[in-house]
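Let me begin by presenting the structure, written as structure tokens, before commenting on it.
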Amino acid sequence: QLQLVESGGGLVQPGGSLTLSCVASGLMDYYAIGWFRQAPGKEREGVSWISSRGGVTKYADSVQGRFTISRDNAKKTVYLRMDSLKTEDTANYSCAIDYAPPSSSTWPETKSFGPWGQGTQVTVSA
């Protein structure tokens, strides 16, 4: 089964930037990928989604214009560039494979996504 490993999180001041990486254990060319986040005491929420070839992207309203998702299938990696970070962006960020075809994807809900790794923690604080 294809596995994904997230990295790139850390502590950043409000207004700062981070780029998260999601690296696959094998070929990911045929899969859309979603980024999600979960803050303590809250449900996991969809942040962004990218189609298998990168031609279509989606963003949660809360991050639209600040976050950019991209992918490099040759490097088996999906990126999430996060700019103008806010304290409310603090969460554990995870990526996951979308097992459903694009027309049936449940994004921003998690139902069609998996597997879930440990994620990478992003903390935005002064």
Closest non-hydrogen contact found for Gly117 with Ser94 is O-OG, 4.3 Å

Is it true that Arg66 and Asp89 have a side-chain N and a carboxylate O under 4.0 angstrom from each other? yes

Kindly state whether the ring of Phe113 and the ring of Phe36 have centres lying under 6.0 angstrom apart. yes

Between Leu20 and Val122, is there a side-chain heavy-atom distance shorter than 4.5 Å? yes

What pair of heavy atoms forms the shortest contact from Lys75 to Thr77, and how long is it? O-OG1, 2.8 Å

Is there a side-chain contact between Leu85 and Pro14 in this structure, where contact means two heavy atoms from C-beta onward sitting under 4.5 Å apart? no

If only atom types and distance count, is the side chain of Ser51 paired as donor or acceptor with the main-chain N or O of Val56 below 3.5 Å? yes

Test applied, side-chain contact (heavy atoms from CB on, under 4.5 Å); reference residue, Ser62; option that passes from Lys86, Glu88, Arg37: Arg37

Could you report the tightest heavy-atom contact between Glu6 and Tyr93, atom names first, then the distance? CG-O, 4.0 Å

Side-chain heavy-atom pair Tyr79, Ser21 within 4.5 angstrom cut-off: yes

Step by step, work out the side chain to side chain contact (heavy atoms under 4.5 Å, CB included) result for Leu2 and Leu27. CA-CA 8 Å; Leu2 198 62; Leu27 291 176; over 6 Å; no

Might you point out which heavy atoms bring Ala39 and Ala91 nearest each other, and give the distance in Å? N-CB, 3.9 Å

Check whether Thr90 reaches the backbone of Thr87 with its side chain - one donor and one acceptor, N or O, closer than 3.5 Å. yes

Test item: Ser25 side-chain N/O and Gln3 main-chain N/O as donor-acceptor pair under 3.5 Å: yes

Would Arg81 and Ser17 count as a side chain to side chain contact (heavy atoms under 4.5 Å, CB included) here? Give the steps. CA-CA 7 Å; Arg81 169 75 179 185; Ser17 299; 3.7 Å; yes

Heavy atoms only: give me the nearest Pro115-Tyr99 pair and the separation to one decimal. CD-OH, 3.3 Å

Side chains of Val47 and Leu80: does their closest heavy-atom pair fall under 4.5 Å? yes

Once rounded to the nearest 0.5 Å, what's the spacing between atom CE of Met82 and atom CG of Leu18? 4.5 Å

Please report the C-alpha distance between Trp116 and Leu4 in whole Å, then the side-chain angles of each, then the deciding distance to 0.1 Å, and finally whether the side chain to side chain contact (heavy atoms under 4.5 Å, CB included) criterion is met. CA-CA 8 Å; Trp116 300 100; Leu4 304 177; over 6 Å; no

Ring centroid separation Trp35 to Phe67 under 6.0 Å: no

At what distance, to the nearest 0.5 angstrom, does OG of Ser48 lie from CD1 of Ile50? 7.0 Å

As a quick check of understanding, evaluate side chain to side chain contact (heavy atoms under 4.5 Å, CB included) for Met28 and Arg71, giving each step before the final call. CA-CA 10 Å; Met28 59 191 297; Arg71 66 190 294 160; 3.7 Å; yes

Could you report the tightest heavy-atom contact between Thr68 and Tyr59, atom names first, then the distance? CA-OH, 3.4 Å

Taking the side chain as C-beta and beyond, is there a heavy-atom pair between Asp98 and Ile33 under 4.5 Å? no

Kindly indicate whether the side chain of Gln13, heavy atoms from C-beta on, has any atom under 4.5 Å from the side chain of Val124. no

Between the OG1 atom in Thr57 and the CD1 atom in Ile69, the distance rounded to the nearest 0.5 Å is 7.5 Å

Reported OG-to-CH2 distance for the pair Ser105 and Trp49, which is rounded to 0.5 angstrom: 6.0 Å

